[in-house]
Amino acid sequence: MSERSKPPLSRQVGRYFLTDRIRPEVDWSATPQALGESPPPVQKPVPPGAERLPLPTREEWHIPPCDLVAAIAGRQSSRRFRRAPLSLEEAAFLLWATQGVRTTLHEAAVLRTVPSAGCRHPFETYVAALDVTGLEPGLYRYLPLHHALLHVRAVPDLATLLVQATHGQRFAGESGAVFVWAALPARTEWRYAEASYKVIALDAGHLCQNLYLACEAIGAGTCAIAAYRQELMDTLLGIDGEEEFTVYLAPVGKV
Ligand SMILES: Cc1cc2nc3c(=O)[nH]c(=O)nc-3n(C[C@H](O)[C@H](O)[C@H](O)COP(=O)(O)O)c2cc1C
């Protein structure tokens, strides 16, 4: 390609991000892992004294069997929801399907229901509960190690804030719950340094696709949202926007 026909630098940078050209440029002897540093925790700590709300487990919930072929064929983005609550067991199932722990390998690594580059699992899941049976409306954080929810705080006018934070996407405020995924890049940087960012973005796709498919099993629907106001969402979650920041959202409701 001639110099003149090259895309602007901003696009070159974006396209570079999608390639794997960064890998040979990383100093693999200087990653936190190579330097012998401890990996970041697989789950953000639970504040002392905070109450954990245990969720129904796989052995306890009554999720109907679902034909995988039908679920894949039927998956679509839903932006219209019935005015019907999600049950707590449905919410538990969706959280398990997106970030649930299958096996604990050791303190610093768990296998989950979704894949993740280097098993780093760089996300925390927040649930903005609007209409979930058994949950006071408000903001919660999923604790995959405990399969429990942590009540973060009550949020006045939560539905309105969610719509504002998604550039006016009204269906976010009309859902039963909005799943919000925040990335903690240090978890992946510990192993992959500058080669982390593409794989973090790839990892996010896996958990949202699992959410779409799991929704098919419970008569619910979802729609991925990547268009949101960064500062508003991070403020809503109470996260710093540097070490932890919102990357993806998905409102869920009955269809
Ligand atoms: C990464 C990603 C970001 C998306 N962001 C939005 C969004 O902000 N708002 C929206 O209404 N739909 C969003 N969508 C949904 C797409 O518009 C939708 O997947 C596409 O139109 C195809 O429709 P389908 O999912 O029903 O097959 C997003 C989908 C993906 C995968």
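Side chains are part of it too, since the values below use all heavy atoms of this structure and drop only hydrogens, waters and symmetry mates. Source: prediction; values computed, not measured. Just follow the structure's listing: the first ligand is 1, and inside any ligand the first atom is 1.
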(message) Is it the case that the side chain of R141 and the backbone of K44 share a donor-acceptor pair, with hydrogens and angles ignored and the cut-off at 3.5 Å?
(response)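 Such a contact is found between R141 side chain and K44 backbone.
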(message) Restricting to side-chain hydrogen bond (donor to acceptor under 3.5 Å, both in side chains), what partner residues turn up for S29, sequence neighbours left out?
(response)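 side-chain hydrogen bond (donor to acceptor under 3.5 Å, both in side chains) check on S29 returns D27.
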(request) Considering non-hydrogen atoms only, spot the tightest contact between A183 and F123 and give its length. (result)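 For A183 versus F123, the nearest heavy atoms are CA-CD2, 4.0 Å.
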(message) Quick test of your reading of the model: are R170 and E174 salt-bridged, counting only N-O distances below 4.0 Å?
(response)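 Yes, this pair counts.
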(message) Assess, by modelled atom type and distance only, whether the side chains of Q33 and Y192 contain a donor and an acceptor separated by less than 3.5 Å.
(response)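 Note: Q33 and Y192 side chains miss the donor-acceptor criterion.
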(message) Is it the case that the side chains of Y212 and S77 hold a donor-acceptor pair, with the cut-off being a distance below 3.5 Å and no angle test?
(response)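 Result is yes, a qualifying pair exists.
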One pair per line, please: each N/O atom of ligand 1 matched with every protein N/O atom under 3.5 Å away, atom names first, then the distance to 0.1 Å.
| from | atom 1 | to | atom 2 | distance (Å) |
| --- | --- | --- | --- | --- |
| ligand 1 | 5 (N) | A224 | O | 3.3 |
| ligand 1 | 5 (N) | A226 | N | 3.1 |
| ligand 1 | 8 (O) | Q169 | NE2 | 3.3 |
| ligand 1 | 8 (O) | A226 | N | 3.4 |
| ligand 1 | 8 (O) | A227 | N | 3.3 |
| ligand 1 | 9 (N) | Q169 | OE1 | 2.8 |
| ligand 1 | 11 (O) | R79 | NE | 2.8 |
| ligand 1 | 11 (O) | R79 | NH2 | 3.4 |
| ligand 1 | 11 (O) | Q169 | OE1 | 3.3 |
| ligand 1 | 12 (N) | R79 | NH2 | 3.2 |
| ligand 1 | 12 (N) | A224 | O | 3.4 |
| ligand 1 | 14 (N) | A224 | O | 3.1 |
| ligand 1 | 17 (O) | R79 | NH2 | 3.2 |
| ligand 1 | 19 (O) | S77 | OG | 3.3 |
| ligand 1 | 25 (O) | R75 | NH1 | 3.0 |
| ligand 1 | 25 (O) | S77 | N | 3.4 |
| ligand 1 | 25 (O) | S77 | OG | 2.6 |
| ligand 1 | 26 (O) | S77 | N | 2.7 |
| ligand 1 | 27 (O) | R75 | NH2 | 2.8 |

